[in-house]
Amino acid sequence: MYRLYYSPGACSLAARIVLEETGAPYEAELVSAVDSRMTETPAYRQVNPKARVPALWPVPGTIGARDAVLTEVGAIMVYLARTYPEAGLLPADPAGEARCLEWLSWLTGSVHGQSYGQIWRAHRFTDEAEGMTAVKAKGMANLADQHRLIESVLADGRGWAVPGGYSIADPYLHVFYRWGGRIGLPMAADYPAWTRLDAATTARPAVRRALAAEGLTP
């Protein structure tokens, strides 16, 4: 049985959705990303010294976390998709797989690590209190550009993030759609194509199970 270390509504939600999609047995252990006292405890740092969620155990190997703990949401989703190919969560053709990884890399590095890092974790970018406001404002500007790009891509008529079928890119996009609402952006009004994709994603039974398990509304 897998163990997923998670925080409700965090990027770990995408990994939980993928677990639900595969049907693999798992248990979830709460490590709140909102309360850094939980992610930065000595006990959790022994699991994941990066002090981040998600983390998944057991997966063979290690790169510094506890033995057999896999970190990084993109790596976790790809591992699960490869381990359970019957779930159809990763395109079978090389180009399709590359496009899926293209989404994951950009969402992780730019949308999450850069923009939401600036908005929610400005202290990671500056030690000067007076600079925090400017960092957050730049994060919002970056995010607006990124949201426009997501909308333009999804508005080309495709049914899913990677044309041809649902993949691990779609639950990851669901996380960022939710986050847009959390910071007060009018997602449905400004991003109709993304809203259609999110409605299709949210309608999936696995997604609804994951949301219910974390006390989140669809």
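Excluded from the calculations below are hydrogen atoms, water molecules and symmetry mates; all remaining heavy atoms, backbone and side chain alike, are included.
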Please check: side-chain N/O of [X] versus main-chain N/O of [Y], any donor-acceptor pairing under 3.5 Å?
X	Y	answer
Asn142	Ser115	no
Thr41	Tyr44	yes
Asn48	Arg45	no
Arg158	Ala161	yes
Thr62	Ala68	no

Side chain to side chain, [X] and [Y], heavy atoms closer than 4.5 Å:
X	Y	value
Trp106	Leu149	yes
Arg178	Leu216	yes
Ile168	Cys100	yes

* To do: For residues Pro218 and Arg208, report the shortest heavy-atom separation together with the two atoms involved.
  =>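 Minimum heavy-atom contact is CG-NH1, 3.3 Å.
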
In Å, rounded to the nearest 0.5 Å, how long is the span from [atom1] of [X] to [atom2] of [Y]?
X	Y	atom1	atom2	result
Ile150	Phe176	CD1	CZ	8.0 Å
Tyr191	Arg196	OH	CZ	14.5 Å
Thr22	Glu86	OG1	CD	8.0 Å

Verdict with reasoning, Thr201 to Tyr177, per side-chain hydrogen bond (donor to acceptor under 3.5 Å, both in side chains):
CA-CA 11 Å; Thr201 301; Tyr177 188 90; over 6 Å; no

Under-4.0 Å salt bridge between [X] and [Y]:
X	Y	value
Arg52	Glu72	no
Glu151	Arg148	no
Glu21	Arg204	yes

Could you tell me whether [X] atom [atom1] has more than 12 heavy atoms of other residues or ligands within 6.0 Å of it?
X	atom1	result
Arg82	CZ	no
Asp93	CG	yes
Arg209	CZ	yes

Under 6.0 Å from the ring centre and within 45 degrees of the ring axis: does the NZ or CZ of Arg16 meet both conditions for the six-membered ring of Tyr6?
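Satisfied, under 6.0 Å and within 45°.
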
**Asked** Step by step, would you call Tyr116 with Trp179 a ring-ring contact (aromatic ring centres under 6.0 Å, His included)?
**Response** CA-CA 9 Å; Tyr116 276 105; Trp179 287 7; 5.0 Å; yes

> What orientation do Tyr79 and Tyr2 show, parallel under 30°, tilted 30 to 60°, or perpendicular over 60°?
Replying inline: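 Answer is perpendicular, since the angle exceeds 60°.
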
Single-linkage hydrophobic cluster, 4.5 Å side-chain cutoff, [X] and [Y] together:
X	Y	answer
Leu89	Trp160	yes
Trp194	Val153	yes
Val73	Tyr84	yes
Phe125	Ile183	no
Val111	Leu185	yes

### Task
From the options Leu173, Thr108, Asp170, select the one residue that forms a side-chain contact (heavy atoms from CB on, under 4.5 Å) with Trp103.
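Exactly one candidate clears the test, Leu173.
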
